[in-house]
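Quick notes on the structure that follows.
Proteins get letters first, then strands, A, B, ... in listed order; numbering begins at 1 in each.
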Amino acid sequence: MAETGKTISKTYDPKLFEKKWYQFWEDNKLFHAEVEEGKQPYSIVIPPPNVTGQLHMGHAMDNALQDILIRWRRMQGYNTLWMPGCDHAGIATQAKVEQTLRAEGKSRYDLGREKFLERVWAWKEQYGSRIMSQLRSLGSSCDWDRERFTMDEGCSRAVREVFVRLYDEGLIYQGTRITNWCPNCNTALSDLEVEHETEQGHLWHIRYKFEDSDEYVEIATTRPETMFGDTGVAVHPDDERYKHLVGRTLILPVVGRRIPLFADEYVDPAFGTGAVKVTPAHDPNDFDMGMRHDLEQVIVIKNDGTMGEGAGKYAGLDRYECRKQLVKELEEIGALVSVEAHEHAVGHCSRCNATIEPLVSKQWFVKMESLAKPAIEAVNDGRIRFVPERFTKIYTGWLENIRDWCISRQLWWGHRIPVWYCDDCGEATASRDDITVCPKCGSAHVHQDEDVLDTWFSSGLWPFETMGWPDKTPELAQFYPTNTLVTGYDIIFFWVARMVMMGLKFGGDVPFRHVFIHGLVRDSQGRKMSKSLGNGIDPVEVIDKYGADTLRFMLVTGNTPGNDMRFYWERVESARNFANKLWNASRFMMMNLAGFDASFVPGDKDFELSDRWILSRYAKTAAGVTENLEKFELGEAARMIYEFIWSELCDWYIELAKARLYDKENERPRRTAQYVLGYVLEHTLRLLHPFMPFITEEIWQHIPHEGQSIMVAPWPKDEEKWLDEAAEAPMTAIMETIKAIRNMRAEVGAAPGKKSEAILHFADAGLQEVFGAHAEYLRVLADADPVTLAAATAAKPENALTAVAGGVEIYLPLKDLIDIGKETARLQKELDNLDREIKRTAAKLENEGFVAKAPAAVVEKERAKKQEYEEKRAALAQRLEYLAKMA
RNA sequence: GCGCUGUUAGCUCAGUUGGUUAGAGUAUCACCUUGACAUGGUGGGGGUCGCAGAUUCGAUUUCUGCACAGCGCACCA
């Protein structure tokens, strides 16, 4: 046992101990998990933050939640593993490094691939550890010995293994298709990386003349510049306006190309003019129609967003400049019919916000259908559960309509696609190991695919690649599937769904049992925190100013799972105040440990009412906290501890224990109070530890305890032995009486601390006896002295303030302070309230339907309520009568 | 267009199978520096639970519709 009775600083100052305890935990390997056969595992893999990132509020919340779960399960005795690591974040990291190059006036092409990658690795070494150390300052109990990186050797091996297996199965294929292209990042993107925003645009109506007459067809388009690539005009086959014209040939204005007018079901006759220009090379729908009708693909926009050769004199112009000039020309030649305002969705690059261009290019894709099916089933049959459940639908909805995943990126930073091409025979080979000789023709002229994989390809393997897969490791055997995945709703598709698919396909099982989804941390106005808005709050700043415990507590309380939260400094302060309250309550105990004897255990007779009450309240709290943690209601669990510590332990028990603790004469009562306070505080600290690891450790080490660290102290269970309704009921009556007396005294302005008599009348003799034994409680907490007790049948005191609470009639003979007018008004108001309630309960009880159909217990409750109100009312009415006589 | 979420005190939010006079934090008002804590204590004021229906003995809670706010998905040129 550590030294006891040592005091701590007067106010809570987390700077004095947070670093110290983290170091202590880490030095003692308390975060580390070894595989232990037969021990129940509990594991979480961290959502790997980007290497170049730094901790933001979202990370802080995400990791606080994970740490709470991990610490709680660890205390429960599970073999817990929290796997940490970070993500290479291909496009994001590359963009960052290119930005530093630009500052030097260079581009990645100036350096060349190899040199550029050296730069990125150097960057990774420099910044990669920053966020990990920030996670430490938050208190995250990750197993740092196992830290991983998505591009480390093991992960890279897993990536190649998965790629080759999918390739061999035909689930990865290469195709020339229309894909989302970011002209700014210069790479293809998956559908998920495109964000659609509705924009105010225009609908240009243009007439295309027939080759052999002066008739024309009017088309409508939002992107006139693509007309250089038009190879047809489509109408709906049933459209009476155009039916007779199908099959004829049109002349593309400006360009002069002959293009067919054809019919296709895709066309919506109700939109625009019912005739649509078809540009197979630059629109996904037109691409499909082009395939159906065997149209030529004419590429007119280049990868960098400028117009290509096909645009004639506009070649070389940016596509928007071209649009401007082209529209003018169309107008001049009389081809432009009209322009109307039109709102439409435009795709933007999620990284750089540039407008996405659908371009035809050769990319690698993963066939998703067969992978998605088992992933849907795993959720439908309950092998994976989303918390809150509503996210299930979002997940399955996406998977049910999934399209093939474009996994190749025209970047350099990432896992290079493990496919080699033979320069001589053209053979493409996917391989786990680098290839130097073509396996088909033996040629040594081979080269690897230039592209890298989408970052999420490797993140999708995270739960098993970090545990040694493809080898059959003991870690995989013990910790896979993991138990809980904690993440924000914003990456359900990007990450969660892909992990499930990959986990089922390669890990042999679901990657996790529960997906615990949380919301975003927003600013005080409800806006997303962002760099560009400059409204982000740096969690490191909050930790510096208020401590990690405060930040954690604030982040997990005051909202419900899956919902967004607003950040307010007031809420941070509120959490800090709670820490300070706990700090001082603990300090109080440390100051009152004189003569503490760890071997002293009170007998039943030693416990007084307040002891039995607080122990019973504690037992309920312990059970409630555990129950809420099991339901992932972490905020509710934290709130219960807060309530218990502040409103019960501090407000009532500590105040009532003071008499015994200060009394040096009577050792046994003092030791009993020490025992109870010690027991309750020490156990409550354990309940709070997952939420506020630092302050609980600091206090715990200063009070009587057993063991090395609170983080491995057993989680409280089987505390029902303390439940004591026979103590709670009278204690509650006493508390209500005290509140009523305080209330009356405050209203008449009685001087605090100045004792005054209280006369109490009881209908229940048992209750009267308990009050008699604990008159001291009323003296200490309500300044009631002397306390006079009598049966309800006794004559009522005259000239006194009156209230009825908890089955007790209360009279305060504060002669000098009573203002008859005010007192009458006060009582009248209370009486009116009661009348209203009596009327309500009476109406209920007179309702035959209620009496007949409501559960007996509810009816009984209602009767008791009515009776209570009536008794209360009678006492007040009597009192009012008396006051009326006085006036 | 489809879907999801929210609408409860001035502000931010709880309210767990329908049933105490709907709660907390914060703000606000009054009083109090008493030997854990003024980052505190005590007491007070403040809400027709978005609107309209339905089910029910009974609805903040279940259902339907509507309004407003936010978000997600979506190939309508």
Side-chain angles (χ1 to χ4, degrees), chain A residues 7 10-12 178 196 203 219-223 226 234 266-268 270-279 283-288 342 344-345 358 390-391 393-394 397-398 401 489-490 492-493 519-520 524 526 546 557-560 562-568 570-571 573-592 627-628 631 633 635-636 639 642-643 647 650-651 654-655 658 662 739 742-747 749-753 781 833-834 836-837 840-841 844 847-855 857-859 861-862 864-865 868-869:
Chain A
T7 50
K10 192 177 170 191
T11 49
Y12 163 65
I178 261 219
H196 294 272
L203 203 51
I219 59 93
T221 179
T222 55
R223 296 190 299 155
T226 60
Y266 163 77
V267 180
D268 175 5
F271 187 89
T273 61
V276 53
K277 66 193 260 320
V278 180
T279 320
D283 182 280
N285 301 306
D286 294 5
F287 181 87
D288 293 342
H342 178 65
H344 62 143
R390 73 180 126 95
F391 291 103
K393 230 173 110 182
I394 294 175
W398 184 72
N401 299 298
Y489 58 67
D490 49 336
I492 291 177
F493 307 143
L520 270 39
S524 62
Y546 291 91
T557 48
N559 87 328
T560 29
N563 288 342
D564 291 351
M565 158 184 283
R566 295 191 191 199
F567 182 95
Y568 279 89
E570 289 90 329
R571 294 191 52 234
E573 281 176 15
S574 165
R576 185 273 317 268
N577 294 351
F578 170 58
N580 188 59
K581 187 74 180 176
L582 171 65
W583 184 262
N584 278 291
S586 307
R587 203 162 64 89
F588 168 80
M589 181 186 158
M590 292 171 207
M591 291 162 69
N592 288 284
E627 205 178 296
N628 277 297
K631 290 190 296 188
E633 292 279 359
E636 179 62 9
R639 194 197 58 81
Y642 178 100
E643 284 289 317
S647 309
C650 293
D651 287 354
I654 285 183
E655 293 306 324
K658 279 177 179 172
Y662 290 164
K739 285 188 219 169
R742 284 169 169 174
N743 176 335
M744 284 188 283
R745 285 177 52 102
E747 289 205 15
L781 295 179
N833 274 343
L834 284 170
R836 213 173 309 129
E837 290 313 311
R840 245 170 47 151
T841 48
K844 251 187 178 178
N847 183 330
E848 281 172 36
F850 175 72
V851 179
K853 290 183 183 172
V858 173
V859 177
K861 216 165 158 185
E862 210 62 29
K865 209 160 51 172
E868 189 194 323
Y869 292 150

Non-neighbouring partners of A:His344 that pass ring pair (Phe, Tyr, Trp, His ring centres under 6.0 Å), sequence neighbours left out: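 With neighbours one apart ignored, the set is A:His342.
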Results of ring pair (Phe, Tyr, Trp, His ring centres under 6.0 Å) for A:Phe391 - residues two or more places apart only: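 Once residues adjacent in sequence are excluded, A:Phe391 has no partner under the ring pair (Phe, Tyr, Trp, His ring centres under 6.0 Å) criterion.
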State which residues pass side chain to side chain contact (heavy atoms under 4.5 Å, CB included) with A:Arg571; sequence neighbours excluded, sorted by chain then number.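 By the side chain to side chain contact (heavy atoms under 4.5 Å, CB included) rule, A:Arg571 matches A:Met554, A:Thr557, A:Met565, A:Tyr568.
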N/O to N/O distances under 3.5 Å, protein versus nucleotides 39-43 of chain B:
from	atom 1	to	atom 2	distance (Å)
B:U39	O4'	A:Asn577	OD1	3.1
B:U39	O2'	A:Asn580	ND2	2.7
B:U39	O2	A:Arg576	NE	2.9
B:G40	OP1	A:Asn577	ND2	3.1
B:G40	O3'	A:Lys581	NZ	3.2
B:G41	OP1	A:Lys581	NZ	3.2
B:G41	OP1	A:Trp646	NE1	2.5

Looking at residues at least two apart in the chain, or sitting in another chain, which of them share a salt bridge (Lys or Arg N to Asp or Glu O under 4.0 Å) with [X]?
X: A:Lys581; result: none
X: A:Glu633; result: none
X: A:Lys393; result: none
X: A:Arg840; result: A:Glu837

A:Ser524: what forms a side-chain hydrogen bond (donor to acceptor under 3.5 Å, both in side chains) with it, not counting sequence neighbours?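 side-chain hydrogen bond (donor to acceptor under 3.5 Å, both in side chains) check on A:Ser524 returns nothing, list empty.
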Looking at residues at least two apart in the chain, or sitting in another chain, which of them share a side-chain hydrogen bond (donor to acceptor under 3.5 Å, both in side chains) with A:Asn285?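 Per chain and number, A:Asn285 pairs via side-chain hydrogen bond (donor to acceptor under 3.5 Å, both in side chains) with A:Tyr266.
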Can you give me the dot-bracket string for RNA chain B, 5' to 3', counting Watson-Crick and G-U wobble pairs with both distances under 3.5 Å, using [ ] for crossing pairs and | for partners on another strand? (((((((..((((.....[...)))).(((((.......))))).....(((((..]....))))))))))))....
Check the interface with nucleotides 3-7 of chain B: list each N/O to N/O pair with the protein under 3.5 Å, or write none.
from	atom 1	to	atom 2	distance (Å)
B:G3	O3'	A:Lys393	NZ	3.3
B:C4	OP1	A:Lys393	NZ	3.1

Measure the CZ-OG1 distance between A:Arg836 and A:Thr841 for me, rounded to the nearest 0.5 Å.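 The distance works out to 12.5 Å.
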Under-3.5 Å donor-acceptor pair between A:Glu655 side chain and B:A36 base: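 By the distance-only test, yes, there is a pair.
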